[in-house]
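Sequence positions, counted from 1, serve as the residue numbers for this chain.
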Amino acid sequence: MRIDRATLNALLALDDVTLWGKIVALGESKGFALPKTPPPPAEMQKLREVLRNPERFDMATALKIINDHRKNNRHG
């Protein structure tokens with residue numbers, strides 16, 4: 001998956017709630033149900049680091065953060 005720098009910068013400029021909403025919408029468009037409530041700030045910061053460094057993009061790290069949050073919030 002390739003995302004241009006302008007798109008990444010736009011995502012990084014969003015607050016945590018809005019950014020998480022974008023992630024949830026993307027997940028839903030691919031058939032994944034995610035909690036509507038964002039992860040704790042420390043976990044959101046980890047996701048932002050993944051976006052901040054696309055040359056070292058680690059999909060496994062991003063998916064682990066999202067999946068852990070989903071598991072911990074099954075009713076979200």
inquiry  = A side-chain contact here means heavy atoms from C-beta on lying under 4.5 Å apart; do Leu11 and Ile23 qualify?
reply    = no
query = Taking the side chain as C-beta and beyond, is there a heavy-atom pair between Arg48 and Asp16 under 4.5 Å?
reply =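 The answer is yes, as the side chains (C-beta and beyond) meet within the 4.5 Å cut-off.
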query = Linking I/L/V/M/F/W/Y whenever their side-chain heavy atoms sit closer than 4.5 Å, directly or via other members, would Trp20 and Leu14 fall into one cluster?
reply =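 Yes; Leu14 is reachable from Trp20 via cluster members.
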request  = Treat each ILVMFWY residue as a node, draw an edge where side-chain heavy atoms are under 4.5 Å apart, and state whether Met44 and Phe32 are in one component.
outcome  =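 In one cluster with Met44: Phe32, no.
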request  = Return the set of residues passing side chain to side chain donor-acceptor pair (under 3.5 Å) with Asp68 (not counting sequence neighbours), or none when no residue passes.
outcome  =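 For Asp68 the side chain to side chain donor-acceptor pair (under 3.5 Å) partners, ignoring immediate neighbours, are Lys64.
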message = If the condition is side chain to side chain donor-acceptor pair (under 3.5 Å), which residues does Lys46 pass it with, not counting sequence neighbours?
response =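 Lys46 satisfies side chain to side chain donor-acceptor pair (under 3.5 Å) with Glu43 only.
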query = Rounded to the nearest 0.5 Å, how far does NE2 of His69 lie from CD1 of Ile65?
reply =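 So the CD1 of Ile65 and the NE2 of His69 are separated by 11.5 Å.
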request  = Could you walk me through whether Leu19 and Leu47 pass side chain to side chain contact (heavy atoms under 4.5 Å, CB included), step by step?
outcome  = CA-CA 10 Å; Leu19 176 58; Leu47 285 172; 5.6 Å; no
Contact list for residues 23-32, test side-chain hydrogen bond (donor to acceptor under 3.5 Å, both in side chains), sequence neighbours left out = Glu28-Lys36
